[in-house]
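Just below is one structure, and these are the notes that go with it.
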Amino acid sequence: MTVDQGLRDLIYALALKYAIKYGGKTSTKSLVGKIIAIRPDVRSKVREIIPEIERIVKEVNEMTLEEQKTLLEKYAEMLPEEKPKEEKKGLPPLSGADVGKVRMRFAPGPSGPLHIGHSRAVVLNDEYVKMYKGKFILRLEDTNPKNVLPEAYEMIKEDVSWLGAKWHEFYIQSDRMQIYYEHARKLLEMGKAYICTEDPEVWRKKKVHGGKIPERELPPEDQLEKWEKMLDGDYKPGEAVFVVKTDLNHPNPAVRDFVGFRIVEEPHPRIGDKYRVYPTYNFAVAIDDHLMGITHVLRGKDHLVNTMRQEYIYEHFGWEKPYFYHYGLVSMENVILKTTVIKEGIKKGKFIGWDDPRLGTLRALAKRGISPEALRKYWIDVGLKEVDIKFSWDILYAYNRELIDRKANRYFFVWDPIKVRIKGTGRYEAKIPKHPNDLSRGYRVRTVELPTEVYISRDDWESIKEGELFRLKDLFNVKRVKDYLEYAGNDLSIIKRGSKIIHWICGEGIKTVVYKPDGSIVGGICEPEVLESVGKVVQFERFGYCRIERLPDGTVVGYFAHS
Ligand code: GLU
């Protein structure tokens with residue numbers, strides 16, 4: 001089949017549209033279905049038009065985003081009118097939620113700063129609290145002294161604030177030990193808990209296989225006596241635990257009687273050696289959720305068994321239960337989240353800190369210029385769905401691109417630069433807008449006097465054949481002759497004919513290092529105006545969005561967000 005003009009224009013239009021949507025690049029594979037959807041007649045002959053699609057995709061991919069946008073205006077009429085998208089619904093309503101009465105909490109353990117996984121709970125709780133004009137409680141769950149990082153208390157507050165959530169009340173569990181002790185005593189008095197001094201493994205086997213646990217049957221007086229001994233230090237760690245009674249016939253052995261307190265002799269990093277008996281997560285969380293009047297608990301499906309355990313505490317005390325929601329789990333690829341791994345890596349100098357761009361911490365995302373609004377949008381989309389999902393970096397990046405593109409100034413960054421001579425005569429001026437859609441931000445103005453030398457990326461140089469005509473973006477056209485370039489006028493129509501447009505630096509560039517999340521490092525030079533954007537996100541043209549910092553020696557550092 002020959003590709004007629006109409007079909008060719010349609011391919012251009014689609015290639016431009018989707019390249020723009022995804023930051024400047026598209027692919028043949030992704031376009032084929034879209035072409036067939038509009039032109040079903042080509043379905044049976046698709047193989048014959050693939051070379052033409054490939055050619056157009058290549059041409060479009062080599063344009064800058066701005067050129068693509070300009071060209072799309074010309075082709076836009078080829079595209080069928082889009083049906084208005086169904087209005088995206090926000091979060092589903094919560095059961096039993098009354099405006100003004102909702103109380104929800106985010107309750108992380110201070111073992112490190114927050115990572116992407118945590119941000120889901122922050123965003124969902126905060127969104128619902130806002131939706132119902134309720135109260136948001138931030139509670140740090142630090143009753144496992146072995147799992148506490150002192151700096152994390154402050155870091156978590158900063159991370160929650162960065163996400164745009166405001167807490168109305170703040171608690172730290174290690175301040176509430178006496179409250180947990182009081183409730184422990186009450187449960188012992190009610191015969192709903194016992195002190196177990198059996199070998200942990202023997203006790204566990206009895207629960208699974210149904211053996212007798214004699215200590216479980218002892219009267220409250222004996223239990224209280226042993227509890228006091230536990231507190232007084234008469235037992236060593238592992239010799240005695242406080243156990244909450246549940247149902248020894250519960251179909252899930254994990255729910256049968258669970259540990260509510262254990263002895264820990266290491267000093268607590270925050271409160272020292274004041275206590276040696278600490279509540280478990282399941283005990284403290286149930287007491288606090290009740291006392292803090294939490295109405296709705298949102299947590300991952302991995303907490304289902306914990307919820308069942310906690311419900312026994314509510315039942316023993318006769319408390320009304322909150323509404324529990326368990327959302328699906330999110331698996332994440334290509335990212336480091338584990339606190340222990342990160343801590344070790346920082347100690348060994350493998351990571352620069354908790355904000356190393358290879359990490360999935362919120363501070364690493366912030367450093368790279370991922371905006372909290374993008375994350376928020378992502379988690380609201382995912383909502384409370386119960387199915388497990390795979391985290392999509394592409395979607396997060398697409399949301400982020402939408403948010404930062406307006407703000408990001410454009411600059412040239414020549415990675416892996418080589419110096420190439422341009423022959424010719426005359427003086428030329430390049431006036432390049434810092435943002436193509438906002439000329440009020442000004443221009444980068446360069447005067448180039450020929451003959452001269454320019455820096456271009458080695459990749460570009462190697463991709464250009466001898467005799468090939470191409471364009472130095474916003475300056476003029478050049479032709480490669482052996483190992484140098486020759487001035488070749490300023491006829492813009494070469495772009496339309498598929499010539500490459502590459503970026504360049506003439507004169508002083510600033511030494512630049514870009515750190516990518518995959519651990520790779522890209523070195524090069526950038527335009528001096530980049531220094532106006534320290535602390536901000538810029539777009540290095542044909543490379544991607546980076547957040548800029550500057551080293552004391554003047555080197556520009558870019559933390560790569562995405563393309
Ligand atoms: N500290 C718990 C966690 O971070 C809280 C979970 C919950 O109780 O919902 O997993």
Side-chain angles (χ1 to χ4, degrees), residues 94 102-129 134-149 152-153 155-157 159-160 163 165 167 169-177 180 183 244 254-255 258-262 268-270 278-314 319 321-332 337-340 342 360-362 379 383-384 386 388:
L94 292 175
V102 164
R103 291 176 60 86
M104 296 174 74
R105 66 1 177 238
F106 171 58
S111 57
L114 302 183
H115 59 62
I116 307 190
H118 293 111
S119 67
R120 181 183 193 176
V122 179
V123 168
L124 290 179
N125 280 295
D126 183 59
E127 280 294 318
Y128 275 119
V129 163
K135 295 280 182 251
F136 182 46
I137 287 138
L138 175 59
R139 183 174 73 218
L140 299 185
E141 306 202 322
D142 62 345
T143 63
N144 180 0
K146 294 183 199 167
N147 211 3
V148 168
L149 178 81
Y153 293 83
M155 288 199 279
I156 290 173
K157 285 180 166 179
D159 293 343
V160 171
L163 276 168
W167 57 90
E169 292 168 33
F170 175 73
Y171 301 95
I172 300 178
Q173 285 189 327
S174 57
D175 287 339
R176 302 169 56 79
M177 294 291 284
Y180 308 129
H183 286 84
V244 178
V255 182
F258 66 91
V259 175
F261 285 84
R262 73 277 196 223
H268 188 289
R270 179 169 174 270
Y278 287 91
T280 55
Y281 153 73
N282 277 306
F283 191 90
V285 90
I287 305 299
D288 279 349
D289 281 346
H290 169 72
L291 294 180
M292 293 172 193
I294 303 301
T295 56
H296 298 78
V297 171
L298 313 182
R299 53 168 65 135
K301 261 180 3 195
D302 51 332
H303 278 294
L304 271 166
V305 168
N306 286 332
T307 299
M308 288 187 218
R309 292 173 175 150
Q310 293 159 28
E311 284 182 309
Y312 278 95
I313 297 186
Y314 285 85
W319 293 336
K321 291 177 205 168
Y323 291 88
F324 292 105
Y325 285 85
H326 299 92
Y327 45 72
L329 305 183
V330 184
S331 59
M332 279 183 209
L337 300 173
K338 257 190 131 53
T339 311
T340 44
I342 304 176
T361 57
L362 298 184
W379 291 127
L384 286 174
E386 281 173 31
D388 295 346

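All residue numbers refer to positions in the sequence shown, counting from 1. First listed ligand is number 1; within each ligand, the first listed atom is number 1.
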(message) My understanding is that only residues two or more places apart in sequence, or in another chain, count here; which of them pass ring pair (Phe, Tyr, Trp, His ring centres under 6.0 Å) with His326?
(response)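 Applying ring pair (Phe, Tyr, Trp, His ring centres under 6.0 Å) to His326 gives none.
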(request) For atom 10 (O) of ligand 1, find the nearest protein heavy atom and state the residue, atom name and distance (0.1 Å precision). (result) His303 NE2, 3.0 Å
(message) Counting non-hydrogen protein atoms only, what is the nearest one to atom 7 (C) of ligand 1? Give residue, atom name and distance.
(response) Tyr281 OH, 3.2 Å
(request) Have a look at Asp289 and tell me which of Val285, Ile287, Leu291 forms a side chain to side chain contact (heavy atoms under 4.5 Å, CB included) with it. (result)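 Single side chain to side chain contact (heavy atoms under 4.5 Å, CB included) partner of Asp289 among Val285, Ile287, Leu291: Val285.
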(request) With Arg120 as reference, evaluate Leu124, Val123, Ile116 under the side chain to side chain contact (heavy atoms under 4.5 Å, CB included) test and give the passing residue. (result)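 When side chain to side chain contact (heavy atoms under 4.5 Å, CB included) is applied between Arg120 and each of Leu124, Val123, Ile116, only Leu124 qualifies.
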(request) Using the six-membered ring wherever Trp is involved, compare the ring planes of His303 and Tyr281 and label them parallel, tilted or perpendicular (cut-offs 30° and 60°). (result) tilted
(request) Measure up the Phe324 and Tyr314 rings against each other and bin them: parallel (under 30°), tilted (30 to 60°), perpendicular (over 60°). (result)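 Plane angle over 60°, so perpendicular.
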Sub-4.0 Å atoms of ligand 1 with respect to non-hydrogen atoms of [X]:
X: Arg105; answer: 7 (C), 8 (O), 9 (O)
X: Val285; answer: 8 (O)
X: Glu141; answer: 1 (N), 2 (C), 5 (C)

(request) Say whether His118 and ligand 1 are in contact under the criterion: heavy-atom distance to a ligand atom below 4.0 Å. (result)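 Under 4.0 Å: no for His118.
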(message) Regarding ligand 1, does Ala107 bring an N or O atom to under 3.5 Å of one of the ligand's N or O atoms?
(response) yes
(message) Checking side-chain polar atoms at under 3.5 Å, does Gln310 have a donor or acceptor matched by the opposite partner on Asn282?
(response)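 The criterion, which ignores hydrogens and geometry beyond distance, is satisfied for Asn282 and Gln310.
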